[in-house]
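One-based numbering along the sequence shown. Every number for a ligand or one of its atoms is a count from 1 in the order of the listing.
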Amino acid sequence: MKWWQNAVIYQIYPRSFQDSNGDGIGDIQGIISRLDYLEELGVDAIWLSPVYQSPNDDNGYDISDYQAIHPEYGTMEDMDELIEEAKKRSIRIVMDLVVNHTSDEHNWFVEAKKGKENPYRDYYVWRDPVDGKEPNDLGSTFGGSAWELDEASGQYYLHLFSKKQPDLNWENEQMRSDIYEMMNYWLDKGIGGFRMDVIDLIGKKPDEEITADGPKLHDYLKELHDNTLKGRDVMTVGETWSATPETAKLYSHPDRNELSMVFQFEHMMLDEQPGKTKWDLKALDLQEWKEVLTKWQVELKDDGWNSLFLNNHDTPRAVSRFGNDTEFREKSAKCLAIVSHMMKGTPYIFQGEEIGMTNRKVKSIDEVDDIESINMYTERLEEGYPEEELLHVINVKGRDNARTPVQWSAEEQAGFTEGTPWLPVQPNYKEINIENALENAESVFYTYQRLIELRKNNPIMVWGDFELLMADHPSLFVYKRSYEGETWLVCANISEEPERLLLNELSLKSKMIISNAKRTTVTSDGLVLSPYEAFVVKL
Ligand code: TEU
Ligand code: CA
């Protein structure tokens, strides 16, 4: 067994986690000061969103120096201290690796712009204009063309994200070898591994308008593995929006020596209109959601490894999106935690999820920080969309939802900072905060703590086969896990109405493992599950 197979990972978005010096920006010393809290929660590793040198065009996902810490987060000494202090608490630090692109302020790009003869020119993707215009129709995720003209040379460079995030050219061997060297620098520090940003894009073939799943993607990952990860006890998780169960097996099959697992997003895209963007909303159909999650559970089986998550720094808060963040906030947050942690794979908790933090509401675009939301707003306003509608979709899907400061206490600024936070603290912090959660034995926090502990002590949670029951039920999510003669049944009512559950498998002899409704016994002759009730029993 690998350590990450029964691990639970906690994602920190450092800007919003804990400020230690009153400048309103979370930092590494802030994280160190909260390690005891994470130890109490019980997590095995932290996925740390980028803390590298960066002009922050995309909040650190635009890196200008991979081997330097942004001064707003601290110093390299702080980083070393974080790794060491975390290790003392058996917590590993998984670094974010952003190597599909750099910042335009990275020295490689500064050199590359000097001209076609520069040795770094080919580290990036340059093309001549076609008919005096962009080489083709490739678009950027953040809006507009993916090509930007460099006046000096008359060539365009590729940027699949912002103009300040030029794409690296993975066909350049020297560039790849520089990346491996940088990765080894971090691995030698004793980190726990890497979360690899949009790694499915590195094999791009821009001339053919192929971005994800390019022909050499897996060759690059194998080479990367052999030059960096091989022989080290680390984990890797690729961020792959394009993954299907078939490609996920290519990335994560234990015999292929590429990655440990990938983040797939199929269950995260069902509330958008097919073929359109994340901003084109559609109501989520629970049956479809169950079907997709089940497909991933069943198809990866022993030929790959799943990651389990319902939110991250790019997506809305899980409780606001899949649960009910008003009347049933705590109950639905626990329900979602149970449903997700009881599956097979490695669970990820995004900061604040463990207390049921909610989405943020804005009334004006001036309150928005996220580049993706702002660009979409500007573009669509020009196309004639009503402002109201645009603010609505930003409130539903915008990335700032996840990025408001962690609510530590009822003190001013939620105990996040003594200054003015870079993004306002949510008004509900007086009620929803970690201090309150720790004092209340019934809080969402203790559901997460219990789920993590259960995973440590019950191999069935890690290895058990998955089987969906009642597939056609519109609001009950019921599944079985079975392992070495043992069977657990997970039952959840993901709706605001009570639901009747009739299952022969249940009996008075079933042993309650966890319940979010203080249920102690179950029977086969009909139970009524209250709104968002969830429980797990051992049969
Ligand atoms: O996200 C990849 C990505 O494609 C996102 O832009 C995604 O489509 C969108 O945010 C969904 O709302 C990764 C990082 O997680 C993200 O924070 C970065 O902005 C992006 O890569 C570029 O590095
Ligand atoms: Ca700070």
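Distance check for Gln29 against the Ca ion (ligand 2): none of its N/O/S atoms falls below 3.0 Å. Among the backbone and side-chain atoms of Asp27, an N, O or S atom lies under 3.0 Å from the Ca ion (ligand 2). Residue Gly24: no N/O/S atom is found under 3.0 Å from the Ca ion (ligand 2).
When all heavy atoms of Ser140 and Phe161 are compared, the pair lying nearest together is OG-O, 2.9 Å.
Of all protein heavy atoms, the one lying nearest to atom 13 (C) of ligand 1 is Asp197 OD1, 2.9 Å. The protein non-hydrogen atom at the shortest distance from atom 7 (C) of ligand 1 is Trp241 CZ2, 3.6 Å. The protein atom (non-hydrogen) at minimum distance from atom 9 (C) of ligand 1 is Glu372 OE2, 3.2 Å. Looking only at protein heavy atoms, the nearest one to atom 4 (O) of ligand 1 is Phe161 CE2, 3.5 Å. In terms of protein heavy-atom proximity, atom 1 (O) of ligand 1 is nearest to Glu239 OE2, 3.1 Å.
Close contacts of ligand 1 with Lys278, meaning ligand atoms under 4.0 Å from a residue heavy atom, involve 11 (C), 12 (O). Taking every heavy atom of Phe142 and a limit of under 4.0 angstrom, the matching atoms of ligand 1 come to 6 (O), 19 (O). Against a heavy-atom cut-off of under 4.0 Å, Val198 is close to the following atoms of ligand 1: 2 (C), 4 (O), 21 (O). The His313 neighbourhood of ligand 1 comprises atoms 14 (C), 15 (O), 16 (C), 17 (O), with distances under 4.0 Å to a heavy atom of that residue.
At a heavy-atom distance under 4.0 Å, only side-chain atoms of Arg195, from C-beta outward, approach ligand 1. Residue His101 touches ligand 1 through its side chain alone, judged by heavy-atom distances below 4.0 Å. Contacts between Asp314 and ligand 1, counted as non-hydrogen atom pairs separated by less than 4.0 Å, involve both the backbone and the side chain.
For the pair Arg92 and Trp3, the cation sits on the ring face: its NZ or CZ lies under 6.0 Å from the ring centre, inside 45° of the axis.
Judged by distance alone, the side chains of Asn324 and Thr326 do bring a donor and an acceptor atom under 3.5 Å apart. Between the side chains of Trp408 and Gln18, a donor-acceptor pair is found at a separation under 3.5 Å.
The ring of Trp296 has its center no closer than 6.0 angstrom to the ring center of Phe263. Between Phe350 and Phe309, the distance separating the two ring centers is not shorter than 6.0 angstrom.
Partner of Tyr61 under the side chain to side chain donor-acceptor pair (under 3.5 Å) criterion, chosen from Ser162, Ser49, Ser54: Ser49.
Nearest-residue assignment for atom 19 (O) of ligand 1 (options Thr141, Asp58, Asp57, Thr277; heavy-atom criterion): Asp58. Between Arg399, Arg403, Met269, it is Arg399 that holds the heavy atom closest to atom 10 (O) of ligand 1.
Using a distance-only test at 3.5 Å, with no hydrogens or angles considered, a donor-acceptor pair links the side chain of Gln297 to the main chain of Lys344.
Trp108 and His106 have tilted rings, their planes meeting at an angle from 30° to 60° on a 0 to 90° scale.
Taking the Ca ion (ligand 2) as the apex, the angle formed with OD1 of Asp19 and OD1 of Asn21 is 70°, to the nearest 10 degrees.
Checked for salt-bridge contact, Lys113 and Asp104 miss the test: no charged N lies under 4.0 Å from a carboxylate O.
In terms of distance to the Ca ion (ligand 2), the nearest N, O or S atom of Asp23 is named OD1.
Atom CD of Glu181 is surrounded by 12 or fewer heavy atoms from other residues, nucleotides or ligands within 6.0 Å.
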